[in-house]
Structure formats: structure tokens, C-alpha cells
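What follows is a set of notes on a single structure, which appears directly below.
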Amino acid sequence: MAQPSLPLQQVLPSTSPLAFGCMGLGGSWDDAPYTEDHVAHAHAAVEAALDIGVTLFDHADIYTRGKAESVFGELMRRQPSLRDRIVLQSKCGIRFADSEGPKRFDLSREYIVAATEASLRRLGTERLDILLLHRPDPLWEPEEIAQAFRQLREQGKVLHFGVSNMSASQMSWLSRSLDQPLVVNQFEIGLGHLEPIEAGTTFNDGQAATRPGSLAWNGTLEHCQQHGIQVQAWAALARGRFSGDTAKDPADEPARQLVHQLAQRHGVSTEGVLLAWLMRHPARIQPVIGSSQPARIRACGDALKLSLTRGEWYALYEAARGKALP
Ligand SMILES: NC(=O)c1ccc[n+]([C@@H]2O[C@H](COP(=O)([O-])OP(=O)(O)OC[C@H]3O[C@@H](n4cnc5c(N)ncnc54)[C@H](OP(=O)(O)O)[C@@H]3O)[C@@H](O)[C@H]2O)c1
């Protein structure tokens, strides 16, 4: 079945409906250097992602403390044609603790530029196709961010900009200062994290006071749809909570069983059901696959074969939320 186009395909036509998340590449999150085994592991994962048609590869400067980008850069050095076949995305704005302070967010002009240049060096490329601001920074000044974006774009270091983990109001606040539209918002959404959807469906159910924080999401999906901002879903596989053979938490069991029943009914993998649930949303959500196991990555490709009915979509939603809708 032909998939409807993604918002991101307006500016980057080669963008694929599924993205691959590189957080699992590069080994450990400490200062130990990466090894040839890590390069081989990354190579197998990237080949599996390419096999199922993935073109968008998602990085962040912090993943495995820069090693995910370095290992990916090594793959592109060994296979130079790879760079032109993919949409390369990275993020900046989170800093680990150092002599100047604890773990923190930094969306200052200087830090955005310096972190992006460091990502480019590790990746061994001259440009990122998309740069995301990883998280909102309470000390951010949108005009400074606009200056950083302008500088990076004029120097040809970044083509497009987006955000991550930001609400509709934060995107609006930031966009007022930018001279280029935001093209992506990447946040956690899926059967394992329903908040961005729940914020809309439970808006007037009389229990909002019991869910502090969740209403901040209200309108975020709609804002992205209205402004042509691509929603990217992290934790789209819910880290295996519903696709594996057992549920660690008994509360997940009904949804896990339903995911397996639907997979059997449609002849697809359980991963395919999880990702198809996101892709059925009218925001044309782009799931970011976080597995680094080739077999599991290939299983994710089944999402492209499945279009869930309205009834199936709601049955999964109800099973994952654990109670009927109001
Ligand atoms: N913007 C942000 O703030 C943010 C935050 C987190 C992640 N991300 C991005 O989103 C991507 C995906 O996120 P994610 O890795 O957190 O979520 P995910 O895709 O839901 O989970 C991937 C993890 O779950 C494991 N897993 C999946 N299915 C499993 C199963 N059936 N049994 C056992 N383990 C299973 C995978 O292990 P295997 O590798 O062994 O398959 C992997 O460790 C990341 O790579 C990154 O690019 C962005």
C-alpha cells in the first residue's frame, strides 16, 4: 500500500517513513574508546536499516559520549557513497557534568555552534541535513539560537533545523525569532508513552489535576501538523515491553497479547504492529528505530506493510492505557 507523504519530504524528499536511531552504536557511555567490534556491530545495524529502506539516521552529540557519531563517521569513511544516500540528523544542547557545572542544557549561541562543529568532525562530514535542539533550556534566548542557526546555515554546516522534547508553546516561542521554519520535533510517543495523545483525549475528563504536567503536551501534535513539522517518535518500540515473549510488568500483558494477536492476524512482526500504530496517526509520525540488532531492525520493516483499522488502533490504545476512554 502506498504510504502518504511525510511533512519532512517537502524539504528533504528522500526522507524515509522509518528512521534509524544511532544511540545504541559505539559501545559504552564511558570514556573507553570504541573498538573494531563496535564498528562491525554498527555496520550490521546500518546495513539492516538500509535494507528496509531507511534513509534518515538520527544521532546526538552525547550518544555514547560521541562514539556513536565517531563509529558512524568511520562507516562513511569506509563507504564514501553512504553519505549521499542518507539524511543525516544530529542533536545538541545537553552537556555532561564538568568543572563548570552539573549535567545541564545549553542552548547558547557559542555552545550550539561548537557542539555542531564537533559532531561534524566526529562524523567526518561537511554538513548535517538536520540539527535538532535536544531539550529546552530554561536559560534559552531565542534570538541567540536564531544567530547560531543563521551562522551554521550560511557556512553550509546545517541545512535544516528542528527541536526535540518541546511543546507547542515552546516551538511557537522559538519560531518567532527564527528566519527558517522548524522541520522536526522528536519526542517520546508510542504505546509505551501515551502522554502526547492522552493530553488531547482526556482534556475535559475532570481528572486533569491528577496528571500534572501531561497537559503541557496539549496541542503539540496538532501544532506539528498545522506547521508541517515532522513528528519523530523515540522509544517507538517501547524498549520491548509489548513486542517480546513476556511482559516484565503485568500491567503491560493485555497490550502485549493484543500486539501479538494483531501481528499473527496480519502476518507481520510485533515490531511492525507497534510502529504501524504510530504511523496510522494523521501527523504521519516517523518512528525512530532504537534496536541495534539486525533481525529486530528488519522486523521493523513490516510496519510499512500494515495499515491498522480505526478499531484496531483504538483497541491497542485502550489496552496500553489500561482502561476505557471517557
Ligand atoms: N530525542 C530524545 O530525547 C531521545 C531520547 C531517547 C532516544 N532517542 C532516539 O530514539 C532512538 C530510539 O529510542 P530508544 O532506543 O530509547 O527506544 P526503542 O527503540 O523503543 O528501544 C530500543 C531498545 O529496546 C530494546 N528492545 C526492543 N525490542 C526489544 C525486545 N523485544 N526485547 C528486548 N529488547 C528490546 C533494544 O535492544 P536491541 O538493540 O537488543 O534490539 C534497544 O535497546 C534512539 O536510538 C535515539 O536515536 C531520542
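Nothing here was measured: the structure is a model prediction, and the numbers come from that model. Note that ligands are numbered from 1 as they come in the structure, with each ligand's atoms numbered from 1 the same way. All residue numbers in this chain count up from 1 along the given sequence.
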Of the protein's non-hydrogen atoms, which lies at the shortest distance from atom 12 (C) of ligand 1, and what is that distance?
G290 CA, 3.4 Å
Output yes when R256 and D249 qualify as a salt bridge under the 4.0 Å nitrogen-oxygen rule, no when they do not.
no
Residues D179, R153: salt bridge by 4.0 Å N-O rule
yes
Are any of the N/O atoms in [X] less than 3.5 Å from those in ligand 1?
X: K91; value: no
X: R135; value: no
X: I289; value: no

Which of these, Q89, R296, Q186, has its nearest heavy atom closest to atom 31 (N) of ligand 1?
R296
Should we say atom CG of D245 is surrounded by more than 12 heavy atoms from elsewhere, each under 6.0 Å from it?
no
Looking at ligand 1, would F20 count as a contact under a 4.0 Å heavy-atom criterion?
no
Does ligand 1 have an atom under 4.0 Å from some heavy atom of H59?
no
Keeping T55 on the side-chain end and S16 on the backbone end, is there a donor-acceptor pair under 3.5 Å?
yes
Interatomic distance, CE@M171 vs OG1@T220, rounded to 0.5 Å, equals 5.5 Å
